[in-house]
Amino acid sequence: MPSLKDLKNRIASVKSTRKITKAMQMVAAAKLRRAQDAAEAARPYTERFNAVMAGLAGGTAGSPAAPALLAGTGRDQVHLLVVMTSERGLCGAFNSSISRMARLEAQRLLAAGKTIKIVTVGKKGRDALRRDLGQYFIAHVDLSAERRLGYAIGQRIARDIIARFEAGEFDVATIFYNRFQSVISQIPTARQVIPATFEDTGASANYDYEPGEEAILADLLPRGVATQIFAALLENAASEQGARMSAMDNATRNAGDMIDRLTIQYNRSRQAAITKELIEIISGAEAV
């Protein structure tokens, strides 16, 4: 049975931990508001852009002049998996859910006889997948020095992916990230970006394009890939802070419960020690 001193030290230690988790929860809450605002502000633009691109892509479907980013290579053999996670932990199942989805997809593709290549964005995804799939890693994007996510980051990642596609390194590229829904709900999502796919939300309209649709697509498709990657980064950022806020809230509550249990145990042990001392004093007095 632990001594009173040990129990007192444990209570002090857990109280210190609770202060840290509470502070981390408050920091995450502040960051979440900014990240959520950024993700939600980007959604209307992304949806409208996708609608316009869907209309353009529909008009060039099957055309020999369709850009390679839209038409693809005509093969489905080599897959590039872009796994987007965070640089830091302590955010619940945020990183593990993305890594699990990417791992399952990689295993499915390998079982089907496909070749895979992996680009990791964020340290945690690289660490989670390294043991099982490290031999397929071809690049890593470190975002630890980035103070704020900007479109330039998505554009940089997109340029690297497109350059690899144009060099014939893969046929299909898919990004993996968490879509923010609420503080307690982040949805692991896989989205194919090459060949480019655009979902028509019904916001598109019929337009006459000048120059032709193929020429416009050739210019806009790289921006479309960058836009999808940037939107995924924003969704990930909001999901990370939401998951961290929820995880730190749970940790703070658990620390409080542990403090209560340890305090009860401490009080009982202290009472038992006092009772024992009183019995010894009374026994000694009776012996005299």
Do the side chain of Thr252 and the main chain of Asn250 share a donor and acceptor less than 3.5 angstrom apart?
no
Is a side-chain N or O of Thr275 found less than 3.5 angstrom from the main chain of Gln271, in a donor-acceptor match?
yes
Under the side-chain contact (heavy atoms from CB on, under 4.5 Å) test against Ile194, which residue among Ile161, Val82, Leu221 passes?
Ile161
Please determine whether the number of non-hydrogen atoms from other residues, nucleotides or ligands lying under 6.0 Å from atom CE of Met101 exceeds 12.
yes
How long is the straight-line distance from CG of Leu81 back to CZ of Arg103, given to the nearest 0.5 Å?
12.0 Å
Can you tell me how far the CD1 atom of Ile229 sits from the CG atom of Asn236, to the nearest 0.5 Å?
12.0 Å
Test of understanding: with ring-ring contact (aromatic ring centres under 6.0 Å, His included), list the residues that count as partners of Phe165, not counting sequence neighbours.
Phe170
Using side chain to side chain contact (heavy atoms under 4.5 Å, CB included) as the criterion, list what pairs up with Lys31, not counting sequence neighbours.
Val27, Arg34, Arg88, Gln241
What residue pairs, at least two apart or across chains, pass ring-ring contact (aromatic ring centres under 6.0 Å, His included) with a residue in residues 6-41?
none
Sorted by first residue and then second, give each ring-ring contact (aromatic ring centres under 6.0 Å, His included) pair with at least one member in residues 235-258; sequence neighbours left out.
none
So, are Arg10 and Asp6 salt-bridged, with charged N and O less than 4.0 Å apart?
no
With Gln36, which residues qualify under side chain to side chain donor-acceptor pair (under 3.5 Å), at least two apart?
Glu40
Quick one: closest heavy-atom pair of Leu234 and Ala39, and the distance?
O-CB, 3.8 Å
Would you tabulate the side-chain donor-acceptor contacts of residues 111-128 under 3.5 Å, counting partners in other chains and residues two or more places apart, or write 'none'?
| residue | atom | partner | partner atom | Å |
| --- | --- | --- | --- | --- |
| Lys114 | NZ | Asp76 | O | 3.0 |
| Lys117 | NZ | Glu169 | O | 2.9 |
| Thr120 | OG1 | His140 | ND1 | 2.7 |

